[in-house]
Q: 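A single structure is presented below for examination.
We use all heavy atoms of the structure for the numbers below, so side chains are in, but hydrogens, waters and symmetry mates are not. Start at 1 with the first residue, then count along the sequence. Fair warning: this is a prediction, and the values are worked out from it, not measured in the lab.
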Amino acid sequence: MISLKNVTAGYSGREIIKNIDISFDKGTITTIIGKNGCGKTTLLKTSSNLLKTMSGEVLLDVHGKNLDLSTMKNPDIARYISYLPQNKEVPNITVYNLVMHGRFPYLNFSRIPQKNDKKIVEKSIELMGLEQYKNCNLQELSGGQRQKSFIAMVLAQNTHIIFLDEPTTYLDINHQLEIIETVKNLKILGKTVVMVLHDLNLAFSCSDKICLMDNGHIAVHDVPEVVIKSGKINEVFNIRCMEASSKKHSMKQYIFTLP
């Protein structure tokens, strides 16, 4: 589990997120939603120690002890936390070599992969259904295949906590659904997944908890049903939300419309 205690953070002295108190539970999917500029990405970066706090602390549960991320070395953090940004440069390397980057926190200075590292990389590629592309140049693949390759790299990193910033952006609907299914499988593997999504339907269909942000603050953080009943979605986005019933699906579905 990872917890933020009274955290304020931002850029160049400007506060973006303010007095944040939140915990992300082990083996769950939490989706952060909110309007553009509300602090979603800043929250992810601060939670993963890519952005230092201005005040407050980020605590990581390691074998029952709460460790302050600011006191930990980056290679040690990288064995517990992985972060996949929204905008990524597409390097001129093969899928296999990209995924091998996920093993770097475990390699010594020589950066020579061992048998176990290669095994983990092969398994990660297999889990993402990329076996036929593993020797292909990443720049030659489709957007969906690239995204799956980056997620395979995260899998190879084998961290307990995974932060994903808008993993479905710019993807066709079939690739979006594939990524969401992958996220669900990460949860089955025992991973804690925290991600940012713009698509409210996707967010509510796959998440154990929803974190709704508004102007740098957390408006509500709870299970989807409670978030809907709170009325905060309507206030923040200026929309109406209705529950849609379906005899074919046990999972609750929601419809979002203009007021």
Side-chain angles (χ1 to χ4, degrees), residues 2 4 7-22 24 29-56 58 81-90 143-144 146-147 150-151 154 161-173 175-177 179-180 182-183 193-224 226-242 254-259:
I2 192 164
L4 281 71
V7 166
T8 294
Y11 311 90
S12 302
R14 180 184 170 215
E15 297 179 353
I16 302 297
I17 58 173
K18 307 149 194 172
N19 308 119
I20 298 293
D21 283 290
I22 192 171
F24 302 115
I29 299 171
T30 300
T31 300
I32 303 170
I33 60 175
K35 296 170 72 175
N36 289 339
C38 70
K40 300 185 296 295
T41 294
T42 302
L43 177 56
L44 279 194
K45 287 185 174 181
T46 307
S47 301
S48 57
N49 203 49
L50 291 176
L51 180 66
K52 302 299 182 182
T53 64
M54 294 177 175
S55 61
V58 182
I81 296 172
S82 52
Y83 174 85
L84 191 61
Q86 175 189 1
N87 297 313
K88 303 173 285 294
E89 291 186 10
V90 182
R146 289 176 185 174
Q147 188 71 308
F150 280 109
I151 293 178
V154 169
I161 302 167
I162 299 172
F163 292 105
L164 305 172
D165 194 357
E166 300 193 37
T168 62
T169 300
Y170 308 129
L171 298 182
D172 295 333
I173 183 62
H175 289 306
Q176 290 183 31
L177 295 176
I179 297 301
I180 294 301
T182 298
V183 170
V193 182
V194 184
M195 63 180 172
V196 170
L197 288 180
H198 271 296
D199 190 311
L200 297 185
N201 285 303
L202 287 179
F204 278 86
S205 69
C206 70
S207 306
D208 297 295
K209 286 192 174 181
I210 297 289
C211 173
L212 172 63
M213 296 193 68
D214 184 30
N215 195 30
H217 297 277
I218 295 177
V220 60
H221 173 226
D222 216 314
V223 297
V226 171
V227 173
I228 291 295
K229 291 178 181 178
S230 73
K232 295 293 184 181
I233 292 285
N234 306 48
E235 294 177 16
V236 170
F237 289 102
N238 191 29
I239 58 175
R240 292 177 59 198
C241 177
M242 297 174 287
Y254 299 96
I255 297 174
F256 301 94
T257 65
L258 291 173

Q: Which distance, rounded to the nearest 0.5 Å, do you find between the OG1 of Thr41 and the CG of Asn87?
A: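 Atom-to-atom, Thr41:OG1 and Asn87:CG are 9.0 Å apart.
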Q: Taking the side chain as every heavy atom from C-beta outward, state whether Tyr83 and Asn49 have any pair of such atoms under 4.5 Å apart.
A: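 No - every pair of side-chain heavy atoms lies 4.5 Å or more apart.
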Q: How close do Thr46 and Ala9 get, counting heavy atoms only, and between which atoms?
A: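 Shortest heavy-atom separation between Thr46 and Ala9 comes out as OG1-CB, 3.5 Å.
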Q: Do Ser47 and Val194 have side chains that approach each other closer than 4.5 Å (heavy atoms only, starting at C-beta)?
A: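 Side chain of Ser47 against side chain of Val194, heavy atoms only: no contact under 4.5 Å found.
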Q: Testing the basics here: between Ile33 and Ala203, what is the closest heavy-atom pair and its distance to 0.1 Å?
A: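 Answer, listing the atom of Ile33 first, then Ala203: CG2-CB, 4.0 Å.
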Q: Given side chains that start at C-beta, do those of Lys35 and Val236 come closer than 4.5 Å, heavy atoms only?
A: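 Sidechains of Val236 and Lys35: in contact.
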Q: With the side chain counted from C-beta on, respond yes when Pro167 and Ile180 share a heavy-atom pair under 4.5 Å apart, and no when they do not.
A: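 SC-SC contact between Pro167 and Ile180 ruled out.
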Q: Which pair of heavy atoms, one from Cys241 and one from Asn234, lies closest together, and at what distance?
A: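 What the structure gives for the nearest pair is N-ND2, 3.8 Å.
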Q: I need the Thr182 OG1 to His175 NE2 distance, nearest 0.5 Å.
A: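 With rounding to 0.5 Å, OG1 (Thr182) is 11.5 Å from NE2 (His175).
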Q: Please report the C-alpha distance between Leu164 and Val183 in whole Å, then the side-chain angles of each, then the deciding distance to 0.1 Å, and finally whether the side chain to side chain contact (heavy atoms under 4.5 Å, CB included) criterion is met.
A: CA-CA 10 Å; Leu164 305 172; Val183 170; 3.9 Å; yes
Q: How many angstroms lie between CG in Leu171 and CZ in Arg146, if you round to the nearest 0.5 Å?
A: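 Result: 11.0 Å between the selected atoms.
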Q: Parallel under 30°, tilted from 30 to 60°, perpendicular over 60°: which one fits the rings of Phe163 and Phe24?
A: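 Answer is perpendicular, since the angle exceeds 60°.
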Q: Does Ser82 reach the main-chain N or O of Ile162 with its side chain, forming a donor-acceptor pair under 3.5 Å?
A: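 No: the side chain of Ser82 does not pair with the backbone of Ile162.
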Q: Got Asp21 and His221 here, is their nearest side-chain heavy-atom distance under 4.5 Å?
A: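 Heavy-atom side-chain distance check fails, nothing below 4.5 Å.
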Q: Kindly say whether Met213 contributes a backbone atom to a donor-acceptor pair with the side chain of Lys40 at under 3.5 angstrom?
A: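 No.
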Q: So do Ile218 and Ile22 actually touch side chain to side chain, heavy atoms under 4.5 Å?
A: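 A side-chain contact under 4.5 Å exists here.
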Q: I need the Leu43 CG to Cys38 SG distance, nearest 0.5 Å.
A: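 The distance works out to 9.0 Å.
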Q: Counting distance only, does the side-chain N/O of Asp208 pair as donor-acceptor with the main-chain N or O of Ile29 below 3.5 Å?
A: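 At least one qualifying donor-acceptor pair exists.
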Q: Please find the pair of heavy atoms, one from Ser207 and one from Pro224, that lie closest to each other, and give the distance.
A: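 In this case the closest contact between Ser207 and Pro224 is O-CG, 3.5 Å.
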Q: Any chance NZ of Lys52 has more than 12 other-residue heavy atoms, nucleotides or ligands included, within less than 6.0 Å?
A: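 Count over threshold, so yes.
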Q: Where is the tightest heavy-atom contact between Lys18 and Asn215, given as atom of each residue plus distance?
A: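 Closest approach of Lys18 to Asn215, heavy atoms only: NZ-O, 3.8 Å.
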Q: Do side-chain atoms of Ser48 reach the backbone of Lys45 as a donor and acceptor pair under 3.5 angstrom?
A: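 Present.
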Q: Please say whether more than 12 non-hydrogen atoms of neighbouring residues, nucleotides or ligands are located less than 6.0 Å from NZ in Lys209.
A: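 Counting neighbours around NZ of Lys209, more than 12 heavy atoms of other residues, nucleotides or ligands fall under 6.0 Å, so yes.
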Q: Are the side chains of Gln147 and Leu84 in contact, using a 4.5 Å heavy-atom criterion?
A: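 Result yes, sub-4.5 Å side-chain heavy-atom pair found.
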Q: Taking the side chain as C-beta and beyond, is there a heavy-atom pair between Leu202 and Leu177 under 4.5 Å?
A: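 Counting from C-beta outward, Leu202 and Leu177 do come under 4.5 Å.
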Q: Taking atom CG of Leu51 and atom CG of Leu44, what is their separation to the nearest 0.5 Å?
A: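 Here the interatomic distance stands at 11.0 Å.
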Q: Are the side chain of Lys88 and the backbone of Gln86 linked by a donor-acceptor contact shorter than 3.5 Å?
A: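 Judged by distance alone, yes, a pair lies under 3.5 Å.
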Q: Working to the nearest 0.5 angstrom, can you tell me the gap between Ile179 CD1 and Ile151 CD1?
A: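 Here the rounded value is 3.5 Å.
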